2 protein chains.
Amino acid sequence: MSQHRHPGAPGRAGAVPALPDLPEATVARLPEYLRALHNLAETGNETVSSEGLANAAGVNSAKLRKDLSQLGSYGTRGVGYDVALLIEQIEYVLGLTQRRAVALVGVGNLGHALAGYDGFASRGFRIAALLDADPGRVGEEINGMVVRHVDELPRVAAEESIAIGVIATPASAAQRVADQLVAVGVTSILNFAPCVLSVPDGVDVRKVDLAIELQILSFHEHRKASLTALPSTGGSALTALPGGLAVTESQEAIGT
Amino acid sequence: MSQHRHPGAPGRAGAVPALPDLPEATVARLPEYLRALHNLAETGNETVSSEGLANAAGVNSAKLRKDLSQLGSYGTRGVGYDVALLIEQIEYVLGLTQRRAVALVGVGNLGHALAGYDGFASRGFRIAALLDADPGRVGEEINGMVVRHVDELPRVAAEESIAIGVIATPASAAQRVADQLVAVGVTSILNFAPCVLSVPDGVDVRKVDLAIELQILSFHEHRKASLTALPSTGGSALTALPGGLAVTESQEAIGT
DNA sequence: CGCGATTTGTGCACGTCTTCACAAGCGCCT
DNA sequence: AGGCGCTTGTGAAGACGTGCACAAATCGCG
Ligand SMILES: NC(=O)c1ccc[n+]([C@@H]2O[C@H](COP(=O)([O-])OP(=O)(O)OC[C@H]3O[C@@H](n4cnc5c(N)ncnc54)[C@H](O)[C@@H]3O)[C@@H](O)[C@H]2O)c1
Ligand SMILES: NC(=O)c1ccc[n+]([C@@H]2O[C@H](COP(=O)([O-])OP(=O)(O)OC[C@H]3O[C@@H](n4cnc5c(N)ncnc54)[C@H](O)[C@@H]3O)[C@@H](O)[C@H]2O)c1
């Protein structure tokens, strides 16, 4: 469709929008590619094939090529992708060419771990502030940073240009904290509290919920266990369902 | 091979009802519904409409109805869903009727936070073992549990029927730990280390990577900034991609 | 007892994502 | 230079997921 630019061709810059809207699924995989690429770069690789990179990132190679093709062609047929160039490409698209400031709200059990995590710094982020509501926690020093009171958020936001807010408070406080973050202009939130946040349009929220992950795994355990059970019973023992109801006829195909 | 034990269900081992194979997307949402339902139950609600529950879970109501219909019809037209019954239903499907034992490997920064997290217990899981490779950490007591050496994993697995392994070690050790977990019969792994694990067929791995979440948010920040920045310009910093030249310099002030 | 209000369950159409398969492009070797 | 093997980029097809819109079912009430 339309003209496509050749990687080596000089002077064709400017004809194409810098940030095409990538499919969400692609965006979600780019960080994985980036991590794999950094590994490859550290081990001295100059180029990598889609097959090799796909392997390192744990995805299908056709998918990887299609993903990369979304951000413009940067591979060389017969050779592969230039590792360093691709890193710059992806970092640019992800907006990592500037180190983004993160405000961490809720310095409890989990917050301590996050504050001490060096994976922030090495992957393009900088913890710019630690905030908590507990007066007993305010003033505490963690990893060279002092915990400030959450009500200082407006002042903190004025000092630093906070790009992302991380919520690690109990669920009961999360919505309030989110509101405070939004109020000072934060438009991206990572939420560790197990609850739904409601935010205005234009604000992105992503959620990490450990229990959900475990429960998904639990489902698959359950399913695997039911498969190992003898198939000969054929829909007999559906008694375990509480409430006096049974799942009996949900899928005809399963029965004998 | 791992014989599956049902604690408290003697003589009936293997009599597991067949599970309809739910779409993955549905499975991933069930825990969210479950959490919302527990909230509703605590606030005294006996029934809930698909609209109400969808709201509480942050999803579309048609999607919710379709999800619930996958596990058999348990709503009453004109009324809604029985909260308590639906909770039992979902917990059954997710395999939460038995409390699953979790082994946590890597009791460092993050591992400590996880070990002290009460969200495990309240959502159907039980930390059955804390394991670490550092002799200096072995013997330490956290939250009433003693850290044991990771080489004791086989013994631990023999004592408890470990359903899920959680990896919170550095990435460099993660694959080795995964192998050890698989070797003792664990078929579900939650991995916090930023790396791809390779495991045999039949073993499920889910990954939680904080940096990936932040980078996805960063992308959207970048995109939002580029939308507000230039409605009509063609040659500003945003078009600096092509040509394979350094992209880095052209990025100084995207924020604000 | 019937009727209207309410809410579920689902057929259908649409959009997104994945995967295969292969032509086109590239470098290397002869 | 030309051919050969390797790799990318992408068309097409199908799988999967989503949301609308509405018939069917149920309840409450007069
Ligand atoms: N600990 C874990 O491993 C873990 C794992 C997954 C999810 N979570 C979730 O993360 C959140 C935090 O967990 P935790 O174990 O660290 O809890 P915690 O109680 O140890 O820490 C919560 C912190 O938030 C602070 N806080 C409370 N209200 C606040 C407010 N309005 N503004 C600012 N700070 C406030 C508290 O003072 C406390 O320091 C919880 O929602 C929990 O469910 C925790
Ligand atoms: N700290 C965070 O907030 C955070 C957030 C996201 C991801 N992570 C990831 O989680 C992992 C752990 O992070 P951390 O900050 O707790 O690191 P850490 O270094 O504090 O802890 C790692 C622990 O693993 C133990 N360990 C090392 N090799 C082991 C082995 N072979 N078997 C058993 N235990 C072993 C170490 O002794 C140490 O106690 C890392 O991969 C990190 O990237 C951490």
Side-chain angles (χ1 to χ4, degrees), chain A residues 1-9 12 16 20-30 32-33 37 40 45-83 85-86 89-90 216 245 247-253, chain B residues 20-30 32-33 37 40 45-83 85-86 89-90 216 241-242 244:
Chain A
M1 206 55 59
S2 71
Q3 79 283 21
H4 45 263
R5 294 162 295 110
H6 295 195
R12 299 304 291 273
V16 170
D21 4 340
L22 308 177
E24 263 308 299
T26 296
V27 174
R29 282 187 296 264
L30 289 180
E32 198 67 57
Y33 302 156
L37 284 164
L40 287 166
N45 295 274
E46 299 234 321
T47 64
V48 64
S49 70
S50 63
E51 190 70 30
L53 182 53
N55 245 26
V59 302
N60 178 298
S61 72
K63 184 152 57 177
L64 179 132
R65 287 199 296 279
K66 191 150 282 188
D67 283 342
L68 295 187
S69 77
Q70 306 273 2
L71 29 123
S73 280
Y74 282 89
T76 306
R77 293 171 188 228
V79 177
Y81 298 87
D82 181 292
V83 171
L85 181 57
L86 200 47
Q89 258 309 298
I90 295 179
I216 294 172
L245 294 168
V247 257
T248 41
E249 81 305 321
S250 61
Q251 291 293 335
E252 326 274 334
Chain B
D21 38 347
L22 308 177
E24 263 308 298
T26 295
V27 175
R29 283 187 294 265
L30 288 181
E32 198 68 56
Y33 303 155
L37 284 164
L40 287 166
N45 294 276
E46 298 235 323
T47 65
V48 64
S49 69
S50 65
E51 190 70 31
L53 182 53
N55 244 27
V59 303
N60 178 297
S61 71
K63 185 152 56 179
L64 179 132
R65 286 197 298 276
K66 192 154 284 187
D67 283 340
L68 294 188
S69 78
Q70 305 274 1
L71 27 124
S73 280
Y74 283 91
T76 305
R77 296 173 188 222
V79 176
Y81 298 87
D82 182 291
V83 171
L85 181 57
L86 199 48
Q89 258 310 300
I90 295 180
I216 294 172
L241 295 211

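Atom set for the values below is all heavy atoms of this structure, side chains included, hydrogens, waters and symmetry mates excluded. Naming convention: chains lettered A, B, ... in sequence-line order (proteins, then strands); numbering from 1 in each chain. Just so it is clear, the structure is predicted and the values come from calculations on it, not from any experiment.
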Response to the item:
Scanning both residues in full, the closest heavy-atom pair of B:Leu37 with B:Val83 reads O-CG1, 3.7 Å
What N/O pairs connect the protein and nucleotides 18-21 of chain D at under 3.5 Å? Give each pair on its own line.
residue: D:dT18; atom: OP1; partner: B:Arg29; partner atom: NH1; Å: 3.2
residue: D:dT18; atom: OP2; partner: B:Arg29; partner atom: NH1; Å: 3.0
residue: D:dT18; atom: OP2; partner: B:Arg29; partner atom: NH2; Å: 3.0
residue: D:dG19; atom: OP2; partner: B:Lys63; partner atom: NZ; Å: 3.2
residue: D:dG19; atom: O6; partner: B:Lys66; partner atom: NZ; Å: 2.4
residue: D:dA21; atom: N6; partner: B:Arg65; partner atom: NH2; Å: 3.3

I need the [atom1]-[atom2] distance between [X] and [N], as an integer number of Å.
X: A:Leu53; N: D:dT7; atom1: CG; atom2: C1'; value: 13 Å
X: A:Leu64; N: C:dC17; atom1: CG; atom2: P; value: 16 Å
X: B:Glu51; N: C:dA5; atom1: CD; atom2: P; value: 19 Å
X: B:Leu86; N: C:dT8; atom1: CG; atom2: C1'; value: 13 Å
X: B:Leu22; N: D:dA15; atom1: CG; atom2: P; value: 20 Å
X: A:Tyr81; N: C:dG25; atom1: OH; atom2: C1'; value: 13 Å
X: B:Asp21; N: D:dC16; atom1: CG; atom2: P; value: 10 Å
X: A:Glu46; N: C:dG27; atom1: CD; atom2: C1'; value: 16 Å

Fill in: Presence of A:Thr76 side-chain N/O under 4.0 Å of C:dC26 phosphate oxygens OP1/OP2
no
Discussion item. Please confirm whether the shortest side-chain N or O distance from A:Ser50 to OP1 or OP2 of D:dT8 is below 4.0 Å.
Written reply: yes
Worksheet item: 5'-most contact on DNA chain C: B:Val48 or A:Glu24, nearest heavy atom basis?
Response: B:Val48
Item to complete: Assess whether side-chain contact (heavy atoms from CB on, under 4.5 Å) is satisfied between A:Tyr33 and A:Leu68, documenting all intermediate values.
Response: CA-CA 10 Å; A:Tyr33 302 156; A:Leu68 295 187; 4.3 Å; yes
Worksheet item: Does some side-chain heavy atom of A:Leu53 sit less than 4.5 Å from a side-chain heavy atom of A:Leu86?
Response: yes
Worksheet item: Among C:dT8, D:dT8, D:dT10, which is the nearest nucleotide to the side chain of B:Arg77?
Response: C:dT8
Fill in: Flag if over 12 foreign heavy atoms under 6.0 Å of CD, B:Glu46
no
Worksheet item: Would A:Leu71 and A:Gln89 count as a side-chain contact (heavy atoms from CB on, under 4.5 Å) if you check the C-alpha gap in whole Å, the side-chain angles of each, and the deciding distance to 0.1 Å?
Response: CA-CA 8 Å; A:Leu71 29 123; A:Gln89 258 309 298; 4.0 Å; yes
Item to complete: Could you tell me which residues satisfy side chain to side chain donor-acceptor pair (under 3.5 Å) with A:Glu51, sequence neighbours excluded, listed by chain and number?
Response: A:Ser61
Item to complete: Output all residues satisfying side-chain contact (heavy atoms from CB on, under 4.5 Å) with A:Thr26, sequence neighbours left out; order by chain, then residue number.
Response: A:Pro23, A:Arg29, A:Leu30, A:Asp67, A:Gln70
